[in-house]
Participant: 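What follows is a single structure, and I will ask about it in a moment.
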Amino acid sequence: METRTEGVDLVGDDVAINLARASLFAAVVGAFAYVSFPFPLSPAPVTLQVLGVFLAGIFLGPVWGGVALLLYLAAGALGAPIFSGGSAGLGSLLAEPTLGYLWAYPIAAMVVGGIVHRGTTLRDRQEIGLPTLVGAMVAGTVVIYTFGVLAMAAVLALTLPEAFLQGAVVFLPAEAAKIVAAVGIVRSDAIAAT
Amino acid sequence: MTLSYVPGDTLAHRLDPRSKLCFQVAFAAAAYAYTTPRGLAALTVVAAGALIVAGGGPRSLWSYRFAFPFLLVAPLVAGGTLGDPWFRIDRAVETTLASYRVLLVLAVAAAYVRSTPVRDSRAALQRTVPGRFGVMAGVGVSLVFRFLPLLTRDLTSAREAIAARGGEQVAVHVRMRLVATAGINRAFERADRLGVALSARCFAWNPTLPRLAFGRFDGLVLAISAGLVVVAIV
């Protein structure tokens with residue numbers, strides 16, 4: 001029997017911890033797909049995935065927050081039941097009307113993280129002003145809905161106003177509630193992680 | 001019922017995951033290029049064939065039910081106008097075809113999910129994406145699969161605890177904050193323990209992966225994929 005010997009190239013502690021955090025954040029964004037809240041005006045129950053995107057940028061920063069959401073997309077494409085309603089598969093990223101929202105998640109996490117931390121080095125969360133925090137999440141929402149509406153128009157052969165009507169108008173009030181919730185989380189010291 | 005891997009010995013189960021991924025992309029390209037009644041009829045045969053070869057059926061599509069309202073409403077939104085003639089059939093037909101195309105691509109994706117175990121998907125990802133990015137992607141994806149059930153359970157128990165304390169009465173953004181805080185705290189606790197455990201157990205950039213090999217049928221699937229891409233481009 002053939003024997004192979006190779007050196008072991010160890011991963012540094014920092015990368016190991018950050019990769020574990022990014023992966024677990026991806027899993028929690030996936031788990032958020034199963035937590036739905038009935039919301040006034042919204043035709044479908046609202047899930048917390050976009051809140052997970054905001055918090056990934058805020059708690060992990062633009063780099064690892066972006067990595068977390070890329071891992072979320074990769075795991076979902078390869079069969080983890082983490083897309084809306086517990087669906088999975090590459091088809092959700094290639095053909096579903098909501099594919100633009102999904103592709104926008106990593107970019108939105110990077111945008112939110114980049115604005116909140118003013119670069120790639122993480123700032124102390126207590127130093128982040130309220131306008132910066134809200135502005136970052138509004139920018140993230142704009143990114144998600146721009147990609148989402150453009151892709152929905154393309155996938156379903158709709159005009160942009162039609163896609164906006166079907167894919168954005170009814171969901172935007174719920175995004176405001178998520179921004180309020182995220183501000184509460186960041187300001188409350190309830191998250192123990194540093 | 002969620003869509004997930006079902007152990008089996010079908011032809012689809014024996015294929016290399018990389019050829020199945022190529023096939024999905026090629027199929028989607030062909031579906032976008034030929035969103036016509038004839039094109040979609042031909043692709044329906046291919047999609048149904050892929051799902052049957054993987055041992056699936058119409059029920060495999062049930063996990064995509066949340067997309068169905070979008071697909072059903074879209075033709076009405078596209079056809080409706082705010083004045084005479086009030087409804088344009090040509091636009092509604094165009095969007096109906098586009099909605100049907102979505103179903104076909106999802107059927108092919110369902111065939112992959114049914115027939116591919118996580119470790120094979122991980123190996124495919126890690127062998128396709130070069131270098132350390134590939135290793136991180138592979139490890140990260142398998143951790144997402146591993147921890148999803150635990151974190152889902154954490155969130156469910158947090159939600160039940162909040163409801164038991166009368167939390168259903170408070171404003172929706174407060175409930176969102178409580179559930180998300182519980183979920184993220186648990187995720188960070190688990191991640192920090194996991195990070196230490198990974199370092200302690202020689203987490204390496206060069207792990208041993210399951211062996212993947214292209215077989216005879218993979219050649220056939222790759223040839224069909226190439227054919228679909230060619231018809232999509234030409």
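For the numbers below, each heavy atom of this structure counts, side chains included, while hydrogens, waters and symmetry mates do not. Here is the naming used below: chain letters follow the sequence lines, and residue numbers restart at 1 for every chain.
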Participant: Any chance CG of B/Leu76 has more than 12 other-residue heavy atoms, nucleotides or ligands included, within less than 6.0 Å?
Facilitator: yes
Participant: Run the side-chain contact (heavy atoms from CB on, under 4.5 Å) check on B/Ser99 and A/Leu156 step by step: do they pass?
Facilitator: CA-CA 6 Å; B/Ser99 284; A/Leu156 292 178; 3.6 Å; yes
Participant: For atom CZ of A/Arg118, decide whether the heavy atoms of other residues, nucleotides or ligands shown that lie under 6.0 angstrom number more than 12.
Facilitator: no
Participant: Among B/Ala74, B/Ser4, B/Ala28, single out the residue with the greatest number of heavy-atom pairs under 4.5 Å to chain A.
Facilitator: B/Ala74
Participant: Should the heavy atoms of other residues, nucleotides or ligands under 6.0 Å from CZ of B/Arg127 be counted, would the total exceed 12?
Facilitator: yes
Participant: With a cut-off of under 6.0 Å to the ring centre and 45° to the axis, is B/Arg190 in cation-pi contact with A/Phe25?
Facilitator: no
Participant: Considering only heavy atoms, which portion of A/Leu99 lies under 4.5 Å from any heavy atom of chain B: side chain, backbone, both, or neither?
Facilitator: side chain
Participant: Please report the closest heavy-atom contact between B/Met136 and A/Leu71, naming both atoms and the distance.
Facilitator: O-CD2, 4.1 Å
Participant: Which atoms of A/Leu55 are under 4.5 Å from chain B, going by heavy atoms: the side chain, the backbone, both sets, or neither?
Facilitator: side chain
Participant: Evaluate whether atom CH2 of B/Trp205 has more than 12 neighbouring non-hydrogen atoms of other residues, nucleotides or ligands under 6.0 angstrom away.
Facilitator: yes
Participant: Assess whether side-chain contact (heavy atoms from CB on, under 4.5 Å) is satisfied between A/Glu96 and B/Phe70, documenting all intermediate values.
Facilitator: CA-CA 9 Å; A/Glu96 268 204 77; B/Phe70 275 102; over 6 Å; no
Participant: Could I get the full list of ring-ring contact (aromatic ring centres under 6.0 Å, His included) partners for B/Tyr5, not counting sequence neighbours?
Facilitator: B/His13
Participant: To check you understand the geometry: which heavy-atom pair defines the closest contact between A/Leu94 and B/Tyr32, and what is its length?
Facilitator: O-OH, 2.7 Å
Participant: So, for B/Arg91 and A/Thr159, which heavy atoms are closest and what is the spacing to 0.1 Å?
Facilitator: NH1-CG2, 3.6 Å
Participant: Looking at every heavy atom in both B/Val144 and A/Ile82, which two are closest together, and how far apart are they?
Facilitator: CG1-CD1, 4.3 Å
Participant: Take atom CZ in B/Phe133; do more than 12 heavy atoms of anything else shown fall under 6.0 Å from it?
Facilitator: no
Participant: Could you work out, with salt bridge (Lys or Arg N to Asp or Glu O under 4.0 Å) as the rule, every residue matching A/Asp124, not counting sequence neighbours?
Facilitator: none
Participant: Pick whichever of B/Leu155, B/Leu194, B/Leu198 has the most heavy-atom pairs under 4.5 Å with chain A.
Facilitator: B/Leu155
Participant: I'd like to know whether B/Phe147 forms a side-chain contact (heavy atoms from CB on, under 4.5 Å) with A/Val28, so could you lay out the CA-CA distance, the side-chain angles of the two residues, the decisive distance to 0.1 Å, and finally the verdict.
Facilitator: CA-CA 8 Å; B/Phe147 280 92; A/Val28 93; over 6 Å; no
Participant: Identify the heavy atoms of B/Val113 and A/Gly89 that sit nearest to each other, and give their distance.
Facilitator: CG2-CA, 3.8 Å
Participant: Under a 4.5 Å heavy-atom cutoff, which of B/Leu148, B/Thr152, B/Leu143, B/Val25 has the most pairs with chain A?
Facilitator: B/Leu148
Participant: Take B/Leu21 and A/Leu78 through the test side-chain contact (heavy atoms from CB on, under 4.5 Å) and record every step on the way to the result.
Facilitator: CA-CA 9 Å; B/Leu21 289 169; A/Leu78 294 175; 4.1 Å; yes
Participant: Minimum heavy-atom separation for B/His173 to A/Ala181, with atom names?
Facilitator: O-CB, 3.5 Å
Participant: So, B/Thr95 side chain and A/Ala157 main chain: donor-acceptor pair closer than 3.5 Å or not?
Facilitator: yes
Participant: Answer with side chain, backbone, both or neither: which region of A/Leu51 has an atom nearer than 4.5 Å to a non-hydrogen atom of chain B?
Facilitator: side chain
